[in-house]
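Accompanying notes for the structure given below.
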Amino acid sequence: MMINEAEDEEKWLAEGIAGIQHNAFYMHRALDSNNLREALKYSAQMLSELRTSKLSPHKYYDLYMRAFDELRKLEIFFKDEGKHGVSVVDLYELVQHAGNILPRLYLLCTVGSVYIKSKEAPAKEVLKDLVEMCHAVQHPLRGLFVRSYLAQISRDKLPDIGSEYEGDDGTVMDAVEFVLQNFTEMNKLWVRMQHQGPGRVREKQEKERNELRDLVGKNLHVLSQIEGVDLEMYKETVLPRVLEQVVNCKDDLSQYYLMDCIIQVFPDEYHLQTLETLLGACPQLQPTVDIKTVLSRLMDRLSNYAASSADVLPEFLQVEAFGKLSNAIGKVIETQVDMPAVGAITLYVSLLTFTLRVHPDRLDYVDLVLGACVKKLSNIPKLDDSRATKQVVALLSAPLEKYNDIVTALTLSNYPRVMDHLDNGTNKVMAMVIIQSIMKNNTCISTADKLDEDDFKDEQNSVARLIHMLYNNEPEEMLKIICTVRKHTMAGGPKRLPFTVPSLVFSALRLVRQLQGQEGDIVGEEVPATPKKIFQLLTQIIEDLSTVPSPELALRLSLQCAEAANDGDLEHVAYEFFTQAFVLYEEEIADSKAQVTAIHLIVGTLQRMNVFGVENRDTLTHKATGYSARLLKKPDQCRAVYACSHLFWVDDQDGVKDGERVLLCLKRALRIANAAQQMANVARGSSGPVTLFVEILNKYLYFFEKGNQQITGAAIQGLIELINTEKQSDSATPDSASDAFLASTMRYIQFQRQKGGIMGEKFESIKL
Amino acid sequence: MVLVLALGDLHIPHRAADLPPKFKSMLVPGKIQHIICTGNLCIKEVQDYLKSLCPDLHIARGEYDEETRYPETKTLTIGQFKLGLCHGHQVIPWGDLDSLAMLQRQLDVDILVTGHTHQFTAYKHEGGVVINPGSATGAYSSITYDVNPSFVLMDIDGLRVVVYVYELIDGEVKVDKIDFKKTTATTHSAH
């Protein structure tokens, strides 16, 4: 069927062309013999071929062009009054006698062209006449072409500023009016084309419609070329009228094309100054119009405009371009709920590019755009459209490229939030992009001193956050990332290290854990990333802190590494880290409060170690208890020492359970507590609260319960009596806190007694 | 009904970039009456954020906190309950419930909230309840492997407290609840 149709069309076109050629032949003969009458007769016949309804737009155009060429010759003839002896005024009248409307109009337009050139009538009058007479052809295809013809021949005859046709009765306003009218009518005809056929033919019709769109769009091009159309006229007349037609035609094909046309054809400065009007039309368009593409293209144009020269930037600020654009985009995304992710993100990429060009210093704007994107991404369950993720990567890469500095990009609070929405694969891609950016721009800001302290902190915290975003499944890759970032942060100087080193360390520790989770060695192969290697790197990284210096932090991190080494069964490595921690403690931590915390951290970590052989464990334990006993204040000493008691008792099956040494520790703690009481007595004339004793009592109970044979019910009894004695002594200071503590401890003992069973029996041995 | 948010060990920015987005969207200002934080925020920014959720904010000092002046322990009374707060690195062995019970007796509180292990626990013993809200960001811990982000919301109503624990497991927020009733404080043995 289709093939037949195509064949038929070819046949009809051939027939039409033959018709034109045939009549043209006779027309030429008439022209040569200056026979106006014959010329008109044959030209009218020739033009009748254009009355056909059988051709598609593409073929019709072919036919039209042939007629067009012939009409040029006719026009030359019309112009030469000497040849045919009729005044152009009369000629204008004469051609209206042509039988059919379409040939009549073509001839009128042709004469009209001559008429205007002759200046016998104002251009404005003739044009007005012609554009109104074209109304008579309401067939969309034929109407479009005849109006197109009118547009073509009138092109150089508009009463524009500086043209020869300008005058008292012909101003640029008239020219504009003429073009606008022709445009409006052409668009109406064009829109009507879609209503002509049944549903299944619609696709074909849309294709055909598209072929004709430039005929309509040409008018806008003409408007843009009119010299006299300045910003004022564009703003007051041209744009409103064009938009009116765009909105009112309610046709999505037309609306999309024309909006895009307006944007491409008129100058960027005009768009800036009419941004509100232009954007205001967007919500009024049909919902099926791909407005996001239109907006993207507008922003891309404006971005390029901004990039063209620095002088234009103030204009952007003056018209509040950013605000208007981001509002418009927000509205579009809000109303078009079904917009796919890729569409929304593309919009944001365009807006971001715009923002980076026009307002590079306004990080808050940039952050706003990212934030809006985060909001949109949060409403999508999962981003699995590869085009969309490509756009997100573009979105995140843009600030990097602009600022050439990862740290600035990271001060954008929404930057990591966008990254949160990436799938693993894309996250990897992004991590690589960031790393490359870091490596490309090795010179980091050495203006750290000039930075305000708060800003510096913010910035460094951002870098620390970055490190957590850089994640790679491949251990080799991850190790490379850690090394690269370390180099970068080292180059930044000591001030940065306390912020970035911890993040690096924990990244590395996570990697160690990941490797430890992977069972089995790869025998015989070179395995670059092993826990041992990473611990070596960790030692160095923590060493870096000595340049700050930051001993407390270094101590904490060393202990973390020791624990990780313990989990990996690396006794020697763990021991080294403990040694390091002790060195830091001995040599660099002087503040008494800091020492208390440090010792507790050391003891707490050591308590959990199961990798040490007896010798190593003894050495470390000895050191820990020694330092505990030498803390500055007696109460601190006491507490640290009884904490050390746990070093000798580990609840694990193979854990050490040395009852004697536990008791030794507790007794030592008791002695210290006593000494503390006596000192308080001497210093203040009254002994301090008995809290320390109650604490130690609780520890006795703890080990008693765990089954430490060295701790007897009698011992506990004795301690309780001691406490009571202290409380009742003359020099005692009443203290409700320690009273309550004792009371709840006693309650606990009672509770255990009442439990019955083995526990109950045990506690029965404590005579109260 | 009084809502108390208990959370801690966020370790921002050393071990985590931010709270999980799903948690962030749940924590809205104006809904919570008190926040108790076990420490290791670690930076002021986190404190400011928590303050924006609720002005009555209590923080105990963690060993990585930037602000060294947070108290080692804190006690406060909410309704009929006395609550105690401590980061937990001070209580050795770490995570040991009997040792924590000792601290609870020492502070003389019904509910003791501590952290450090990054592992959610809620433990009832003779002297009261010990709660560990875990790590709100799922931060790395040398003590606990595979940390799931978690926090706790306590609903205190008269003598009853309902403890809701929110855990982020495989991208989904799971909620569990535990009921505790406080008997009127008495030392009489049961008949």
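The basis for the numbers below is simple: all heavy atoms, side chains too, and nothing from hydrogens, waters or symmetry mates. Keep in mind it's a predicted model, so treat the numbers as computed, not measured.
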Validation row: [X], [Y] side chains within 4.5 angstrom (heavy atoms):
X: T75(B); Y: K82(B); value: no
X: R160(B); Y: D179(B); value: yes
X: D176(B); Y: E167(B); value: no

What part of [X] is in contact with chain B, defined as an atom under 4.5 angstrom from a non-hydrogen atom: side chain, backbone, both or neither?
X: Y748(A); result: both
X: T691(A); result: side chain
X: I599(A); result: neither
X: R556(A); result: both
X: R608(A); result: side chain

Most heavy-atom pairs under 4.5 angstrom with chain B, which of [options]?
options: Q752(A), H646(A), H600(A), Q750(A); result: H646(A)
options: F506(A), F499(A), W649(A); result: F506(A)
options: K706(A), R639(A), E705(A), Q607(A); result: Q607(A)
options: V650(A), T745(A), L509(A); result: L509(A)
options: V374(A), T605(A), N566(A), L647(A); result: T605(A)

For this session: Apply salt bridge (Lys or Arg N to Asp or Glu O under 4.0 Å) to the pair K177(B) and D155(B), showing each step before the final yes or no.
Result: CA-CA 10 Å; K177(B) 78 172 192 181; D155(B) 184 353; over 6 Å; no

For this session: Quick one: closest heavy-atom pair of H89(B) and R61(B), and the distance?
Result: CE1-O, 3.6 Å

Exercise. Which heavy atom of D9(B) sits nearest a heavy atom of S135(B), and at what distance?
Worked result: O-OG, 2.8 Å

Is it the side chain or the backbone of [X] that comes within 4.5 Å of chain A heavy atoms, both, or neither?
X: Q106(B); result: both
X: S99(B); result: both
X: P21(B); result: side chain
X: A16(B); result: backbone
X: I143(B); result: both

Exercise. Distance under 6.0 Å and angle within 45° of the ring axis: does K24(B) meet both against Y49(B)?
Worked result: yes

Exercise. Could you walk me through whether L85(B) and T73(B) pass the side-chain contact (heavy atoms from CB on, under 4.5 Å) check?
Worked result: CA-CA 6 Å; L85(B) 182 62; T73(B) 63; over 6 Å; no

For this session: Determine, using ring centers only, whether F763(A) and F751(A) are less than 6.0 Å apart.
Result: no

For this session: Could you please spell out the steps behind the side chain to side chain donor-acceptor pair (under 3.5 Å) verdict for D636(A) and S592(A)?
Result: CA-CA 9 Å; D636(A) 291 331; S592(A) 65; 5.8 Å; no

For this session: Using a cut-off of under 4.5 Å on heavy-atom pairs, state which of E66(B), R15(B), Q104(B) scores highest against chain A.
Result: R15(B)

